[in-house]
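What follows is a single structure, written as structure tokens, with notes after it.
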Protein chains: 2
Amino acid sequence: MATIKDIAQAVGVSCTTVSNVIHGRAGRVSTETITLINEAIDQLGYVPNMSARALVSNSSKVIGMISHLTSNKKESIVEDPFHSAFIGSIEKTLRENGYYLMLRTVETTSDLMNFLHNWNVDGLFCTGVFQDEFFEALTKLKIPVVLIDSYVAHPNICNVGLQDYDGGYTATKYLIDKGHKDIAFASPPIKKKGVVDERFQGYKNALADASIPFRKNLVFEQELDTATTITLGTQLAARKDITAIFATADILAAGIMAGLKQAGKRVPEDFSVMGFDDINLCQLTSPTLTTIHQDAPLKGKLAVYFLMDKLDNKPIPDNEIILPIHLVERESVISL
Amino acid sequence: MATIKDIAQAVGVSCTTVSNVIHGRAGRVSTETITLINEAIDQLGYVPNMSARALVSNSSKVIGMISHLTSNKKESIVEDPFHSAFIGSIEKTLRENGYYLMLRTVETTSDLMNFLHNWNVDGLFCTGVFQDEFFEALTKLKIPVVLIDSYVAHPNICNVGLQDYDGGYTATKYLIDKGHKDIAFASPPIKKKGVVDERFQGYKNALADASIPFRKNLVFEQELDTATTITLGTQLAARKDITAIFATADILAAGIMAGLKQAGKRVPEDFSVMGFDDINLCQLTSPTLTTIHQDAPLKGKLAVYFLMDKLDNKPIPDNEIILPIHLVERESVISL
DNA sequence: TTGTAGGCGTTATCAG
DNA sequence: CTGATAACGCCTACAA
């Protein structure tokens with residue numbers, strides 16, 4: 001409740017002096033008055049008014065975490081358990097660096113622009129960005145933007161990503177090494193330059209390298225809501241031309257397993273299943289889910305470091321960080 | 001980028017007039033100038049600067065979603081899948097009402113106070129609040145506070161809760177009706193006046209009503225991380241004096257099931273298991289999980305409505321909303 | 001080492 | 001109907 005003015009009056013100095021000690025501009029103030037002012041700050045309980053700061057400086061300390069709504073279904077940002085895993089990590093790291101996190105869903109480019117101007121937002125995290133006009137808008141922003149899991153590159157924009165191609169390849173190769181040849185690929189809709197597309201390429205190339213022809217009718221794209229994924233599982237149960245399924249998300253894999261089971265099939269005896277992400281769920285299904293592991297909290301932390309560096313104008317050697325993946329063997333895959 | 005001033009200059013009127021049409025104060029401005037100003041706003045792309053507004057008015061339109069960190073483990077807000085389910089719902093509803101959501105983790109009371117003053121926060125959502133000095137601080141705030149899942153009541157504070165007692169009772173009674181008498185209770189640490197405590201009371205009373213003596217050694221409290229829950233399952237597997245387990249969270253129930261299975265036990269043949277929450281996971285485990293259902297998105301939405309009413313100074317008939325629960329039968333419980 | 005003054009974008013009061 | 005003007009809290013030249 002106390003303002004700089006209050007402090008100044010209490011101590012009997014000017015606002016400037018108070019401001020100076022608040023910002024640690026030593027040298028400009030005598031040690032004496034510094035302690036005096038600090039005492040007053042403690043006693044009167046001064047807390048900076050960020051709105052006022054944002055108004056006068058050109059930094060608001062607000063970082064936006066943007067979710068670009070395209071698919072109609074999703075209610076908002078935190079739609080899947082994997083996504084929510086690093087948002088906590090982001091808030092924590094941001095806070096440690098003196099920033100504030102605003103969560104915001106936007107539908108259109110102008111939604112985004114309005115939000116940015118509303119708060120003089122300092123920087124942005126975005127997930128689920130593809131090659132479209134929304135991305136174009138991002139590239140034109142004056143503020144640092146860090147994409148998470150994106151494959152649309154641009155000199156202005158940083159990206160924290162994953163070895164998605166390798167993940168797709170590794171998973172598929174693993175299944176092939178286990179003797180599988182008829183491997184389905186299940187995923188949410190494959191968008192060009194998207195994460196899923198990369199995993200899809202990995203899948204196809206692993207097949208090719210093993211001289212297994214790619215069959216388009218083994219690709220299954222659908223939304224990730226539980227009902228849909230289970231239905232897919234029941235449908236896959238009827239396919240005699242499939243021995244293994246690679247799903248690009250654990251929740252999808254788990255849904256498929258549930259569907260298969262509903263249809264009277266066994267995993268892994270009748271169908272081997274692989275997931276992607278290694279969320280907690282993998283240890284809770286039965287059989288437990290063999291999957292591709294990635295480190296979600298680390299992703300969040302690195303994303304923030306990236307943004308902080310950009311905000312501090314530190315030179316960025318490479319505007320992309322690619323986190324490694326590795327395969328985690330559990331019980332859902334069997335040798336043929 | 002354009003400010004009110006810019007608009008005013010473009011049209012050739014004063015800032016006041018522009019401000020008036022922005023706020024739809026009809027009657028005070030001629031229809032003519034209104035259209036003129038609106039055109040300029042469209043062309044020049046005016047977007048209000050919320051910092052400036054926050055500074056001069058006493059409303060910032062910022063709503064804080066606070067997570068009070070006590071247990072050291074959790075990294076931040078969105079730690080469990082259930083919790084994250086309604087945060088999306090909250091952001092959406094808030095946005096539709098012209099508010100902005102800031103996510104913030106606080107450790108101490110003064111962390112909270114600082115945050116509130118930093119941004120002139122208009123209102124607050126809190127989860128995981130118990131009877132402690134943090135709660136005391138909340139009751140003294142001048143802004144509306146909506147607690148989610150709290151059992152510490154106070155005239156100043158709203159609460160959106162659940163029939164937790166009924167949930168505990170219903171679950172336990174269901175197991176009893178299925179012929180179980182030796183029913184374990186598994187939960188995170190039971191804090192007084194907490195959600196879990198209510199469910200615990202329901203459990204105990206259901207036992208009492210069936211003349212089954214409560215046994216303290218059938219109560220298992222531990223954290224909800226996957227490893228711990230699975231370990232608990234393996235330990236329970238060795239207990240010959242238990243036929244059913246009621247877990248107060250689905251993730252806990254799922255972990256226990258996984259542990260039981262690891263230890264060579266079958267669910268529900270050897271142990272019946274019940275969960276609580278009805279998250280997606282329940283349909284993905286095998287057997288699928290019988291549980292107590294609650295509507296997380298609705299909870300979020302109602303929490304926002306509550307807050308909006310308080311912010312609009314609407315009379316609030318009752319400062320508590322209790323959402324109903326119902327039992328969802330699936331496969332994890334068997335009749336003895 | 002310290003103080004003065006102006007302005008950031010907005011709103012509210014009051015006068016024309 | 002419209003326009004000055006002050007104020008919100010803070011920062012930053014520029015003076016002293």
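Below, read A as the first sequence line, B as the second, and so on, with proteins coming before strands; counting in each chain starts at 1. For the numbers below, each heavy atom of this structure counts, side chains included, while hydrogens, waters and symmetry mates do not.
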Side-chain N or O of [X] less than 4.0 angstrom from OP1 or OP2 on [N]?
X     : N      : answer
A:R53 : D:dG9  : no
B:T3  : C:dG9  : no
A:T17 : C:dG3  : yes
B:S51 : C:dC8  : no
A:S19 : D:dC11 : yes
B:R25 : C:dT11 : no

If I take atom [atom1] in residue [X] and atom [atom2] in nucleotide [N], what distance separates them, rounded to the nearest angstrom?
X      : N      : atom1 : atom2 : answer
A:N120 : D:dC10 : CG    : P     : 17 Å
A:L55  : C:dG7  : CG    : P     : 14 Å
B:K61  : C:dT10 : NZ    : C1'   : 15 Å
B:N118 : D:dG9  : CG    : P     : 14 Å
A:I4   : D:dG9  : CD1   : P     : 11 Å
B:H117 : D:dC8  : NE2   : P     : 17 Å
B:D6   : C:dG9  : CG    : P     : 8 Å
A:I22  : D:dC10 : CD1   : C1'   : 9 Å

Ranking C:dT2, C:dA12, C:dC8 by distance to the side chain of B:T16, first place goes to C:dA12
Testing C:dG3, D:dT12, D:dC10 for proximity to the side chain of A:V13, the answer is C:dG3
Nearest-nucleotide check on DNA chain D, B:I34 vs B:V56; residue mapping nearer the 5' end is B:I34
Per nearest nucleotide of DNA chain D, the residue lying toward the 5' end, B:S57 or B:N20, is B:N20
d(A:M102 CE, B:L103 CG) to nearest 0.5 Å is 11.0 Å
Here the gap from B:L162 atom CG to B:D149 atom CG, rounded to the nearest 0.5 Å, amounts to 6.5 Å
- If we ignore angles and hydrogens, is there a donor and acceptor under 3.5 Å between the side chains of B:T17 and B:S14? yes
Quiz item: Would you say the side-chain atoms of A:D122 and A:S59 include a donor-acceptor pair closer than 3.5 Å?
Solution: yes
Would the distance check show the side chain of A:N38 and the main-chain N or O of A:T35 forming a donor-acceptor pair, the cut-off being under 3.5 Å? no
